[in-house]
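FYI, the numbering just counts along the sequence from 1. Quick caveat, the model's predicted, so the values are computed rather than measured.
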Amino acid sequence: MSSPVSGTKPDPLSNGTEFRESELESERKYLAVLYRHLDGQRETTEQRLREVLGQGIGGTPGAQVERDASYSMYADRLAQLRSVDYGLCFGRLDLTNDDRFYVGRLGLFDPANDYEPLLVDWRAPAAQPFYTATAATSSGVRRRRHVKMRGRQVTGIDDEIFDLASLNDADISTLNGEGALLAALNANRTGTMGDIVATIQAEQDAVIRAHSDGVLVVQGGPGTGKTAVALHRAAFLLYTHRKRLRKQGVLVLGPNATFVRYIADVLPSLGETDVLLSDLGDLLPGLTATGTESPKVAAVKGRAAMVGVLAAAVRDRQELPESMLEVTVDSYPLRLNRQTCVKARDRARSSRQPHNLARANFARAIVRALSDQYARKLGDKFLQRGDMEDVRSELREDPAVQAAINNLWPLLTPERLLTDLFASDRRLQIAAGRFSAQDRALLRRRPGSPWTPADVPLLDEAAELLGQDNREAERQAALAAAREVEYAQGVLEVMTPADHADEEVLQAMDAISAQQLANRYSSKEYETTAEKAAADRQWTFGHVIVDEAQELSSMAWRSLMRRCPSRSMTIVGDISQRSVAAGAGSWAEVLRPYVRDRWRMAELTVNYRTPDEIMSVAADVLAEVSTDATAPRSVRSTGVPPWRLAVSAATLADEVARAVQTELAAIGEGTLAVIVPEAQVGALALALAQALPAAFLAPKGSLARAAVMSATQSKGLEFDAVVLVEPQSIVDESEYGWNDLYVGMTRPTQRLGVLHSTPLPAALAGLSDRSLEPA
């Protein structure tokens with residue numbers, strides 16, 4: 001696979017200006033070739049897509065299936081070709097056998113030259129040495145070249161030579177093997193996540209390309225690239241197992257909505273546009289959980305014991321009359337005693353169906369008991385053979401009978417079950433009697449309060465216990481479909497004039513039926529896998545990736561495992577960054593109920609985000625979290641020590657504003673976070689927005705340069721600079737305050753400053769004293 005751009009090869013070990021300019025020009029020419037092919041393939045794909053659409057809606061069923069498959073194929077390819085324009089190519093491999101090939105975001109071939117490979121997809125096995133080759137294990141690579149680009153322009157190249165035996169000391173001293181990586185690390189953050197595909201390192205590549213069977217846990221400290229690795233793994237698995245995963249889909253679950261927005265552009269930039277990105281609050285179709293609650297409440301809701309609580313709550317709704325229940329039908333009083341209702345309830349429960357589905361068995365037994373009484377009231381002389389079924393049918397539709405059944409065995413939604421449970425001390429006592437009175441009080445919730453993310457797994461569990469009687473929905477869907485077919489039939493009749501009906505001319509009705517026409521214009525025919533999965537609570541995914549997995553509760557894991565019965569999962573997180581009581585104490589604790597010991601773990605040990613100056617102080621905080629934890633090793637140093645500044649409580653907001661101005665000036669066009677105790681987020685955000693509107697407020701559709709957030713909200717994000725406020729308060733306000741402080745300190749890629757009006761924790765003694773110059 002040699003490059004089609006040829007010419008005289010300069011000395012590969014020379015570092016002269018003439019060589020660099022010659023090589024740069026060579027790469028620019030080759031990239032121009034790649035972009036011409038990219039544009040050409042876009043035009044060709046668009047043309048073919050137009051041709052498919054221009055074929056109309058007629059033809060045999062087989063032709064229609066073929067046409068739909070072609071439409072899907074061309075539409076998907078066009079989406080890929082449109083998504084990879086920025087940084088199309090990022091590297092080149094020169095092999096010891098004199099072969100050469102380029103590596104990029106997707107594969108490109110030359111159709112005019114026997115489909116000669118022009119660009120190798122980064123996920124292809126042939127591209128793996130680009131990420132794994134070292135001087136000790138070169139995998140047949142002589143030189144690895146990183147191509148730096150801005151838009152479609154080549155701005156620089158960075159070479160690594162692996163044939164070290166041929167180099168003298170002067171040559172070795174000029175090599176910079178991590179140049180591309182360090183350039184990426186030092187780049188300003190923009191408020192959205194960039195991909196790392198051009199700078200993947202060996203330990204990251206091993207995780208990305210690991211086989212998809214079973215559960216893979218990726219444990220890594222802050223800045224080790226866990227999130228980026230997880231997303232690139234999603235792209236790699238979709239590339240490698242496309243047939244299976246395109247049908248079943250991949251779920252990427254993040255810790256919150258902010259995080260999901262942060263990563264939203266990564267997978268499209270890697271050529272993948274069909275993955276469902278969600279946080280826990282959006283995991284149930286038709287419901288967005290935006291409410292907030294205290295960590296103590298979320299911890300109680302997250303307990304595994306809530307499974308038993310919900311099951312008991314459902315049983316409690318299968319009620320019995322105290323003694324006798326009277327139902328009046330056609331002025332005849334009919335009575336249901338407790339014993340009759342007990343038999344009906346036991347028969348329904350013995351079916352082992354969910355509550356709403358078992359309700360039909362209960363209703364059938366109640367109607368039979370009432371119909372026997374009704375028959376006796378009428379007398380046998382008025383009933384003929386077959387009349388009893390008519391009586392039962394009438395009783396099933398009688399409002400009084402329906403009301404009695406609803407009182408004893410109501411049709412429930414998950415929302416109604418939880419609302420009624422959390423609003424009633426009596427129901428909580430019955431269902432959660434083993435919980436303490438304090439814990440039951442934490443579960444109390446006013447009807448109409450917004451649902452929280454911790455409620456979502458409970459609603460999902462309730463949906464499993466209740467089941468869904470779809471008969472009415474299916475009946476309505478059938479009626480709607482029949483109306484669509486009737487409408488389509490009318491359209492075809494309009495297209496077939498009566499005065500031509502008898503002529504031997506092909507008419508619209510000859511080419512397509514009304515049913516086929518209605519199906520062709522159904523919006524569901526063109527839904528992506530991700531769209532279908534988002535609308536179906538019972539959808540099961542081919543692979544699930546969970547980021548910040550240490551934050552998920554036992555109930556959340558139970559809900560998530562239902563969506564992946566194959567247990568093909570990638571679980572990414574850091575136990576040391578756990579910030580909620582409901583979260584994971586250990587990976588074994590999380591996984592044992594579902595896969596026992598059949599899981600494997602990979603560790604990421606290199607910190608690519610946080611400079612060594614900051615990480616050395618953060619390591620002291622990590623020691624407070626766990627004496628067994630080891631901080632990841634930083635790969636770079638900025639020469640800028642993290643600083644501290646003592647201020648008065650009265651001037652705190654003003655001093656924070658001054659610090660923000662100073663830090664923004666130092667980082668140029670980068671982003672900044674002010675990380676504060678949870679209780680101070682609202683007040684300080686308002687004060688800073690008023691003091692520095694240009695920094696904290698952004699026009700609609702764009703991102704502000706600076707933001708105020710808690711340490712928990714900053715989880716998974718990164719910024720060029722962080723101003724950390726009142727660290728002792730962050731430690732004090734939560735059971736996992738040290739974890740939160742560790743998270744907040746490891747968000748910056750360049751600079752960290754700490755302001756405090758109360759004494760600092762002893763673990764921050766390594767910060768440098770500083771006074772702020774006037775901004």
If you count every heavy atom of other residues, nucleotides or ligands that lies below 6.0 Å from Arg347 atom CZ, does the total exceed 12? no
d(Leu370 CG, Asp398 CG) to nearest 0.5 Å is 9.5 Å
Looking at Lys301 and Thr452, what are the two nearest heavy atoms and their distance? NZ-OG1, 3.9 Å
For residues Asp279 and Leu253, report the shortest heavy-atom separation together with the two atoms involved. C-CD1, 3.6 Å
Arg368 side chain vs Ala363 backbone, donor-acceptor pair below 3.5 Å: no
Could you tell me whether Arg600 atom CZ has more than 12 heavy atoms of other residues or ligands within 6.0 Å of it? yes
Do Arg396 and Ile405 have side chains that get closer than 4.5 Å, going by heavy atoms? no
In sequence, state the C-alpha distance, the side-chain angles, and the governing distance for Leu560 and Val546, and then conclude on side-chain contact (heavy atoms from CB on, under 4.5 Å). CA-CA 9 Å; Leu560 199 59; Val546 188; 3.3 Å; yes
Examine distances only and state if a side-chain atom of Glu603 and a backbone atom of Val218 form a donor-acceptor pair shorter than 3.5 Å. no
When you measure from the side chain of Thr340 to the backbone N and O of Leu336, does any donor-acceptor pair fall under 3.5 Å? no
side-chain hydrogen bond (donor to acceptor under 3.5 Å, both in side chains) assessment of Gln219 paired with Asp574: CA-CA 5 Å; Gln219 164 74 32; Asp574 180 12; 2.7 Å; yes
Side chains of Arg578 and Tyr736, donor plus acceptor under 3.5 Å: yes
Between Trp599 and Arg592, is there a cation-pi geometry (under 6.0 Å to ring centre, at most 45° from the normal)? no
Give, for atom CD of Glu464 and atom CZ of Arg562, the distance between the pair rounded to the nearest 0.5 Å. 4.5 Å
Is there a side-chain contact between Val252 and Leu276 (heavy atoms, below 4.5 Å)? no
Arg315 side chain reached by His355 side chain, heavy atoms, under 4.5 Å: no
On the six-membered ring of Phe435, is Arg303 placed so that its NZ or CZ lies under 6.0 angstrom from the centre and within 45° of the ring axis? yes
Arg446 side, atom CZ; Thr419 side, atom OG1 - distance, nearest 0.5 Å: 13.0 Å
With the side chain counted from C-beta on, respond yes when Leu604 and Val229 share a heavy-atom pair under 4.5 Å apart, and no when they do not. yes
Side chains of Asn361 and Arg364, donor plus acceptor under 3.5 Å: yes
Does Ser714 reach the main-chain N or O of Leu717 with its side chain, forming a donor-acceptor pair under 3.5 Å? no
Of the non-hydrogen atoms in Ser586 and Ile575, which two are nearest, and what is the gap between them? CA-CD1, 4.1 Å
Salt bridge (charged side-chain N to carboxylate O under 4.0 Å, His left out), that's the test. Do Asp740 and Lys715 meet it? Break it down for me. CA-CA 9 Å; Asp740 292 339; Lys715 193 179 296 291; 5.1 Å; no
Test item: side-chain donor near acceptor, Arg563 and Ser559, under 3.5 Å: yes
Atom CZ in Arg244, atom NE2 in His543: separation rounded to 0.5 Å? 8.5 Å
At what distance, to the nearest 0.5 angstrom, does CZ of Arg345 lie from CH2 of Trp409? 8.0 Å
Where the side chain of Thr240 meets the backbone of Phe236, is there a donor-acceptor pair that is under 3.5 Å apart? yes
Distance from Asp213 atom CG to Arg598 atom CZ, nearest 0.5 Å? 13.0 Å
Can a side-chain donor-acceptor contact be found between Arg349 and Gln318 if the only test is distance below 3.5 angstrom? yes
